[in-house]
Amino acid sequence: MDYTHNTHNSVPYDYEDIDRSLMEALWDEGCDLFINEPLSVHVNFRLGGRVKLFVIPNSLDGFLNTLRLLRERNIEYRIIGRGTNILPSDDHKSYTVVSTERIDKVEYSNGYVYSTAGVPFKKFCLIAMENGLSGMERAYGLPGSVGGAIYMNAGCYGWETSENIIEIDVFDGRKVFTISNFEAQFAYRTSLFKKERNLTIVGARFRLFQGDKEQIRTLMLDTMKKRYEKQPLEYPSAGSVFKRPRPDFYVGTAIESLGLKGYSIGGAQVSERHAGFIINKGNAKASDVFELIDLIKSKVRQTYQVDLETEIEIWK
Ligand SMILES: Cc1cc2nc3c(=O)[nH]c(=O)nc-3n(C[C@H](O)[C@H](O)[C@H](O)COP(=O)(O)OP(=O)(O)OC[C@H]3O[C@@H](n4cnc5c(N)ncnc54)[C@H](O)[C@@H]3O)c2cc1C
């Protein structure tokens, strides 16, 4: 597949525009820096414009000091986990993006598992299984990072991230402190972190339960099978596009009933496998996806008098 046109050939920011003293400070923190970085290589949707500066810290201290430095200098930034829930617009972005991908440590003691934010969720589930710990069986196959799952209280097959969280370490730009599950204000596909953008998830303590390793593995594989049978995992996407507006309203079924399954705009298509997903057939622009979203919303409103809200995070 050719995704190259999404990244635009010309680079939008002059290398001289980047504050040299900031770059040196970030190098001192052990970060890897990428200027004019295409977001399309960092998001699962494989589309979107470039960002002026993309920072990959290589240690937890480096990560926290990066955020401190950006705050001190009033530089706008966003956090990216594994980019599986982000739809970035096609235009270039002057803000900085900081990745948690190398902040990936899991520690296990006495039934509690501590995971830093950048750990891939699948890896977290596999470590739990290897240690004979039950609780993550229905979560297996959830793409993305632990931080991303906490941010949006990701859920599947009747399970939600919040169920297993005891407490969360949070960074407010100056210090790290711990908040309880209750304080994180978890609800359907949301948490405190969606409202308080200045709070960054550093890591979390999970409660898991002793179980039988082979039984856990079997249940995990069952969950994964359900995913690849029902979801278009072979195509780039950001998962289900819309939140379920109420428990008895199935968005995918509604979209299918409107004859939109398989409908395309440009390179974006309502998945033939699961109408709740919009996929990138290889050359989609974010604008194609936005148009499809608007079309679905308006048809669903007309027919069902229901206002759909997006579950995916749109980065303008
Ligand atoms: C094929 C597919 C299937 C999916 N299935 C499901 C599913 O079953 N259930 C479900 O709920 N979701 C699903 N998703 C959506 C997505 O995988 C989850 O929302 C996932 O938890 C996002 O994690 P991430 O690391 O990729 O977050 P990202 O996409 O990187 O970021 C999402 C948001 O979280 C914020 N964020 C990330 N890390 C932090 C942090 N440490 N501190 C503060 N903010 C942070 C980002 O700023 C951004 O706003 C699916 C996606 C795909 C592509």
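All heavy atoms count here, side chains included; hydrogens, waters and symmetry mates do not. For reference, positions follow the sequence shown, starting with 1. First listed ligand is number 1; within each ligand, the first listed atom is number 1.
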If we number the atoms of ligand 1 from 1 as shown, the ones under 4.0 Å from a heavy atom of Cys156 are 8 (O)

| task | Examine Phe277 against ligand 1 and note whether any of their N/O atoms are separated by less than 3.5 Å. | result | no

**Report entry** Cation-pi, Phe290 ring and Lys297 (6.0 angstrom, 45 degrees)
**Finding:** no

the protein heavy atom lying closest to atom 25 (O) of ligand 1 turns out to be Ser145 OG, 2.6 Å

Do Lys285 and Leu47 pass the side chain to side chain contact (heavy atoms under 4.5 Å, CB included) test, and can you show the C-alpha distance, the side-chain angles, and the key distance before you say yes or no? CA-CA 6 Å; Lys285 288 194 251 144; Leu47 44 71; over 6 Å; no

Atom 17 (O) of ligand 1 has as its nearest protein heavy atom Thr84 OG1, 2.8 Å

| said: Does any part of the side chain of Arg46, heavy atoms only, come nearer than 4.5 Å to the side chain of Asn280, both counted from C-beta? | reply: yes

re atom 11 (O) of ligand 1, the protein heavy-atom contact at minimum distance is Gly155 N, 2.9 Å

Atom 5 (N) of ligand 1: closest protein heavy atom, distance to 0.1 Å, is Arg227 NH1, 3.2 Å

Would you say Leu199 and ligand 1 have an N/O pair spaced under 3.5 Å apart?
no

Heavy-atom proximity to atom 6 (C) of ligand 1 ranks first, among Asn198, Leu142, Val119, for Leu142

Legend entry - Any N or O of Arg82 closer than 3.5 Å to N or O of ligand 1: yes

task: Report yes or no: does Arg78 have a heavy atom closer than 4.0 Å to ligand 1?
output: no

Nearest heavy-atom contact between Lys93 and Leu39 is CD-CD1, 3.8 Å

Numbered in order shown, the ligand 1 atoms found under 4.0 Å of a heavy atom of Met152 are 11 (O), 19 (O)

If you scan protein heavy atoms around atom 29 (O) of ligand 1, the nearest is Asn85 N, 2.8 Å

Six-ring centre of Tyr112, Arg207 cation under 6.0 angstrom, axis tolerance 45°: no

A student checking ligand 1 against Arg189 at a 4.0 Å heavy-atom cut-off should list atoms 11 (O)

heavy-atom search around atom 41 (N) of ligand 1 in the protein gives Ile201 O, 3.0 Å

Closest to atom 28 (P) of ligand 1 among protein heavy atoms sits Gly83 N, 3.6 Å

Closest to atom 4 (C) of ligand 1 by heavy-atom distance, out of Gly141, Ala117, Pro143, is Pro143

So is Ser240 polar-close to ligand 1, meaning N/O to N/O under 3.5 Å? no

*Lys299, NZ: over 12 other non-hydrogen atoms inside 6.0 angstrom*: no

Within 45° of the ring axis of Tyr95 and under 6.0 Å from its six-membered ring centre, is that where the NZ or CZ of Lys52 lies? no

Atoms of ligand 1 under 4.0 Å from any heavy atom of Glu313, numbered from 1 in the order shown, are 33 (C), 49 (O)

Given side chain to side chain contact (heavy atoms under 4.5 Å, CB included), test Ile79 with Phe63 step by step and report yes or no.
CA-CA 10 Å; Ile79 305 288; Phe63 176 63; 4.1 Å; yes

For Thr200, the atoms of ligand 1 under 4.0 Å from one of its heavy atoms are 42 (N)

Evaluate salt bridge (charged side-chain N to carboxylate O under 4.0 Å, His left out) for Asp169 paired with Arg205, printing each intermediate quantity in order. CA-CA 8 Å; Asp169 287 339; Arg205 197 174 306 283; 5.5 Å; no

* Is it true that atom NZ of Lys213 has more than 12 heavy atoms of other residues, nucleotides or ligands lying nearer than 6.0 Å? -> yes

Counting distance only, does the side-chain N/O of Asn181 pair as donor-acceptor with the main-chain N or O of Ile165 below 3.5 Å? yes

Under 4.0 Å from one or more heavy atoms of Gln231, ligand 1 contributes atoms 3 (C)

In terms of its nearest heavy atom to atom 40 (C) of ligand 1, the top option of Leu233, Ile80, Ile79, Val43 is Ile79

For atom 44 (N) of ligand 1, the closest protein heavy atom turns out to be Tyr151 CD1, 3.5 Å

Just checking Tyr304 against Phe249, ring centres under 6.0 Å apart?
yes

Hydrophobic cluster identity match, Leu192 and Phe206, side-chain contacts under 4.5 Å
yes

Atoms of ligand 1 under 4.0 Å from any heavy atom of Ala154, numbered from 1 in the order shown, are 10 (C), 11 (O), 21 (O)

**Request:** Give the C-alpha distance, both sets of side-chain angles, the deciding distance and a yes or no for side chain to side chain contact (heavy atoms under 4.5 Å, CB included) between Tyr235 and Leu233.
**Result:** CA-CA 5 Å; Tyr235 287 104; Leu233 299 188; over 6 Å; no

Here the atoms of ligand 1 under 4.0 Å from any heavy atom belonging to Ala149 are 21 (O)

